[in-house]
There are 2 protein chains.
Amino acid sequence: MEYLFHVDAANDLGQMNETLTAPDSIEAFRERLAAISIDLPRRLRQCADFIAGNTDRIAVSTVADIAAGADVPPSAVMRFCQLLGFSGYSEMQKLFRDAYAMGFPDYETRLRNLKGGAAESPTAILAEFVEAGRLSLENLAKSLDETALNTAVAVLSQAQTVHIVGRRRSFPIAAYFAYIFEKMAVPAILHDGVGQLDYSHALRRGDALIAVTFAPYAEETLALAALARKRDVPLVLLTDRLTSPLAREASAVLTITEVDFGAFRAPTATIAVAVALAVAVAAARKEARE
Amino acid sequence: MEYLFHVDAANDLGQMNETLTAPDSIEAFRERLAAISIDLPRRLRQCADFIAGNTDRIAVSTVADIAAGADVPPSAVMRFCQLLGFSGYSEMQKLFRDAYAMGFPDYETRLRNLKGGAAESPTAILAEFVEAGRLSLENLAKSLDETALNTAVAVLSQAQTVHIVGRRRSFPIAAYFAYIFEKMAVPAILHDGVGQLDYSHALRRGDALIAVTFAPYAEETLALAALARKRDVPLVLLTDRLTSPLAREASAVLTITEVDFGAFRAPTATIAVAVALAVAVAAARKEARE
DNA sequence: ATGTATTTGGAATATTTATTCCATTTCACA
DNA sequence: TGTGAAATGGAATAAATATTCCAAATACAT
């Protein structure tokens, strides 16, 4: 690959071997990075990926650090810097050291900076959701009912087929359950309601049902859960409060409180519970088979 | 002034020439600084003053920089570092560089901790995912490309219809986008592939497409995105790296790094980006209509 | 298959940066 | 104003770090 030509071509300069000017701002840096990342040989691609994901660290890292992080020799990093238009690593680092002025981008500071922007700016909104997500996770770690979690794992790992239901807001969670179970070879069916077919006949004794539902509780979810109980199919419930409908029918109730931002609520903690539950169940089933 | 005596006196050790331990946290550093600053000769006082007021620059400055800032020769700075209990400038700088890097997905230390603990019980597994989620969110706050986020919001808020595509692992995210857009009355279509219908004819000029894809990138997602570009439909991409396919075609690339636990990865940060993006777009569209 | 161009790793070198050391200056006190 | 102890500056050296270069490996085209 002929580096200079390639980069010139990307810039439509049409002049070969022209010396490329170095990016003079972080924004320009990211642009250049994106531009050259299109087509790179293996080692340089590793550099691009690592640097894209760890841009902040350049200011305080040596070539050797970056090289180790990207799992390439130092010379590859040097080549990469030059590919970006810098004379070498030092020049690139200077860009980031100069920009460092705004203090420690530790999580707290950075978050404050993000929120500082205009009230409605996308970054401010993102910062709010990040914060809400973190609070939700913290809260979850403190308040989740261990017994219920253990029961849920026990119930699900003994089931022949795991059925999953969740609508509207809870549908992504249900879909995520289905994805992990599929990946881990656990027989599972997602009751997604396509074509208004409810597959309720597929709910058979020996199976189990995971129902995910938050206020306002979706009709179909409640209906399927009720049917499950009628058929003696045990129910694992992911919901927002112990007083939600179905709670008394369930073998295990996992209550999850999401911290909201305005009228909005991201299912951060719910996802964590879902993935942990699914992985634990898959592990338990595997163990039981051996 | 007899340095060692003075410092020992401040520590009430009463033993002269004892080697002083270096501060091991920024807090300890500030304390030590305050303690010795009480009575210093001229040049060392200049060092103390400058360093107290520019602590944050230590991580990215050389001895010469600090010396110039404090208007003293480099050797004075060296003496000052030793007075604080460090072996030299490098050791002091390390403290600040480490503090700066804390909280990054540090694959050497942090992940080993995560994977190291025998995560047998469901509760332990959950704790791991909670921790991974927290790290992902922190990392997101620090590293998300603000420009790209703003561009994404601009592009999507001008679109007539917003199309969404995401398969397998990314499907729950795509579904969540669809849910929020529906709730906020933003015209949106989820390309879920039910019945192998691809709805590709619905992609029309004036629309925009959100594609969510992580390695290994799903065929259908790539195909639809390619089609969008052919029809001049702008593309907003949520993906794992800048070098992923489609990145060059996209109007905005939002790279999101999820911290994994073992082979598993919860889309915690991705969800946060999705909800923030969707809400920002809905807000922008509402504003535009008024 | 064969030759050519690209890519790669690492050893050699250059450069920058940290650290020590000591001759000189400054200061406190008689 | 002379004397010893402390403080200072800068030159010399050591260490770390960046950068180059080239032989070997690999990919690519014919």
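All values reported here derive from a predicted model rather than from experimental measurement. Quick note on labels: first sequence line is chain A, next is B, and so on, each numbered from 1.
For the OP1/OP2 pair of C/dT19 and a distance below 4.0 Å, the side-chain nitrogens and oxygens of B/Gln82 include no atom meeting the criterion. The shortest distance between the side-chain N/O atoms of A/Ser90 and the OP1/OP2 oxygens of D/dT19 is below 4.0 Å.
Atom NZ of B/Lys94 is separated from atom P of C/dA18 by 16 Å (rounded to the nearest Å). Put simply, CZ on B/Arg79 is 12 Å from C1' on C/dT19, counting in whole angstrom units. Rounded to an integer number of Å, the gap from CZ of A/Phe80 to C1' of D/dT20 is 19 Å. Between the CE atom of A/Met78 and the P atom of D/dC22 there is a distance of 16 Å, rounded to whole Å. What separates CZ of A/Arg97 from P of C/dT17 is a distance of 8 Å, to the nearest Å. Between A/Glu91 atom CD and C/dT16 atom P there is a gap of 13 Å when expressed in whole angstrom units. Across the protein-nucleic acid pair, B/Gln46 atom CD and D/dG9 atom P stand 8 Å apart, rounded to whole Å. The separation between A/Ile66 atom CD1 and D/dT17 atom P is 13 Å, rounded to whole Å.
Ring geometry for B/Phe29 against B/Phe96 counts as perpendicular: the plane angle is over 60°, on a 0 to 90° scale with 30° as the lower cut.
In this structure the side chain of B/Leu277 reaches within 4.5 angstrom of the side chain of B/Leu238, judged on heavy atoms. For the pair B/Leu140 and B/Thr257, the minimum side-chain heavy-atom distance is 4.5 Å or more.
Within the 4.0 angstrom heavy-atom criterion, only backbone atoms of the sugar-phosphate kind lie near B/Ala64; the bases stay farther away. In this structure, A/Ser75 reaches the bases: a heavy-atom distance under 4.0 Å links it to at least one base atom across the strands shown.
Of the two residues near DNA chain C, A/Val72 and B/Val63, the one whose nearest nucleotide lies more 5' is A/Val72. For B/Tyr89 and B/Arg42, each mapped to the nucleotide of DNA chain C holding its nearest heavy atom, the one lying further toward the 5' end belongs to B/Tyr89.
Side-chain proximity of B/Arg43 to the nucleotides C/dT17, D/dT8, C/dT8 is greatest for D/dT8.
A donor-acceptor contact closer than 3.5 angstrom links the side chains of B/Glu258 and B/Thr270. Of the N and O atoms on the side chains of B/Arg79 and B/Gln82, not one donor lies less than 3.5 Å from an acceptor on the other residue.
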